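Both counts, for ligands and for their atoms, begin at 1 and track the order of listing. Small disclaimer: the values here were computed from a predicted structure and weren't measured. Heavy-atom basis, side chains included; hydrogens, waters and symmetry copies ignored.
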Amino acid sequence: MILFKQAEVYGPDRLGFRDVLTAGGKIIKISDKPIDTGDLEVLVIEGNGKILIPGLIDAHVHLCGGGGEGGFKTRTPEMRMTEMITAGVTSVVGCLGTDGIARSMENLLAKVYGLREEGVSAWCYSGSYQVPVRTLTDELVKDVMMIEPIIGVGEIAINDHRSSSPTAAELARIASDARVAGILSGKAGVVNCHLGDGPFDLELIETVIRDFVIPISQFYPTHMNRNARLFEKAIEFALKGGMVDLTTSTRPVFIQEGEVPAAEALARLLSKGVSVDRITFTSDGHGSLPEFDSEGVFKGLSVGKLDSLMESVIEAVKKYNVPFELAIRTVTASPAQYLKLNGKGFVKEGGDADLVLLDAETYAIDTVVSNGRLCLYQGQLQVEETFKMET
Ligand code: ZN
């Protein structure tokens, strides 16, 4: 059992100063008065000067690596469980990336099961960048309906030179399969679409919505902030009821080339009247990011980092004056509700004990609890990788 004493709780709405008690992996009591736990063995964590929020959800991570676009040696490594914890992330949704050949659904699903064994929460999408999509069972609808951790389809690449340029009919068929499987299994059944830098922006998705009987909410387009023109289309899409996923991992050179920082994009969407329920941040973690020196000379590759999520939340609050409770919704309640991740995304009684304690001034991550287990305390990891990779 863990008892947080009088932290300022944002669940993600501001609840005020509360005691929060966890047991058996759940939040069992939230009270404005001190909770008396008698002589039970409880770890007490002082919340003085701290903010308690739900564990973060990162709904677009290349769990078993992505990239590999500069030859085999550039295939990016797998994500490790401790990268989640130090970023305050307790739930991830994994996807394949550009390479759906050397990386498989079997590989992705095995990684999801492995992360669950390591104590964090994980799901994945079925399908691949390319169409016809890679699947586990040879049928998309069967994957989403019958395989518990598979909650939708993605990432399907459109408007990108690396995509297989699906037709509207092909994308509609994928969306129908995802939708039916979702309805039959009580899952989200969404289609996570990678938007590239091509000239067609959201046209393909707009065509499917116009010409087929598929609701706009079925599509979960990501990288919507990757250039200024696409972002303008993203605002219109959101005002029509569409979801907008903003990618947080970036490089200064991408911003110089016109990428809209996720924090700025959030502020602009909110100012246009878009509900925060339709806006999410994801890190694109472990996708490859090229690095350049100050002269613009290619230096090598790194991977998208999960801690860019919290960095973007802080930037939204401090630089763009987005209220804290709205900024954290993009990484808690909004993805939890849209993706139907029950028990996640809120600090509430009966919910999963996924909690992050932040410094109230700096928002530095102090403590992380995942499924009731203390994983980070006073900035120090309390859990170990199954394999420790000494360097
Ligand atoms: Zn992508």
Side-chain angles (χ1 to χ4, degrees), residues 57-70 74-79 92-105 107-108 111 123-131 133-134 151-166 171 174-175 178 190-198 200-202 204-205 219-227 229-231 233-234 237 242-251 254-255 257-262 265 279-290 301-306 308-309 312 330 335 339:
I57 299 166
D58 193 344
H60 188 98
V61 182
H62 300 283
L63 296 179
C64 37
E69 293 165 43
T74 66
R75 300 174 76 235
T76 64
E78 286 195 6
M79 186 206 73
V92 282
V93 184
C95 55
L96 297 176
T98 317
D99 174 9
I101 302 295
R103 304 180 203 268
S104 66
M105 278 308 300
N107 188 197
L108 179 59
K111 180 71 184 178
W123 294 267
C124 66
Y125 298 118
S126 180
S128 51
Y129 234 59
Q130 286 85 17
V131 172
V133 290
R134 314 288 180 264
I151 57 169
V153 177
E155 69 174 317
I156 311 282
I158 60 171
N159 192 41
D160 194 299
H161 63 102
R162 298 161 295 182
S163 126
S164 53
S165 308
L171 189 60
I174 289 167
V190 301
V191 183
N192 188 215
C193 284
H194 157 108
L195 269 295
D197 272 323
F200 307 110
D201 302 321
L202 289 159
L204 186 65
I205 293 176
F219 290 100
Y220 187 27
T222 187
H223 316 320
M224 293 279 256
N225 52 323
R226 73 179 306 146
N227 65 57
R229 195 192 58 214
L230 176 62
F231 181 64
K233 300 282 168 59
F237 187 75
M243 286 295 291
V244 175
D245 185 45
L246 304 166
T247 301
T248 56
S249 54
T250 187
R251 292 259 156 241
F254 297 164
I255 304 289
E257 286 170 2
E259 184 176 301
V260 184
I279 308 168
T280 57
F281 281 178
T282 59
S283 72
D284 200 17
H286 280 245
S288 63
L289 289 174
L301 291 156
S302 67
V303 297
K305 293 190 177 61
L306 278 71
S308 62
L309 278 189
S312 292
T330 62
L339 296 172

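Using a distance-only test at 3.5 Å, with no hydrogens or angles considered, a donor-acceptor pair links the side chain of T76 to the main chain of G66. Not a single donor-acceptor pair under 3.5 Å links the side chain of K111 to the backbone N or O of G65. With S163 contributing its side chain and S165 its backbone, the two residues share a donor-acceptor pair below 3.5 Å. A donor-acceptor distance shorter than 3.5 angstrom exists from the side chain of H286 to the backbone of P77, with no hydrogens or angles considered.
Taking T250 as the reference, F254, I255, E259 meet the side-chain contact (heavy atoms from CB on, under 4.5 Å) condition, with sequence neighbours excluded.
Less than 2.8 Å away from the Zn ion (ligand 1), the protein contributes these N/O/S atoms: E155 OE1, H194 ND1, H223 NE2.
Between H223 and H60, the gap from one ring centroid to the other is short of 6.0 Å.
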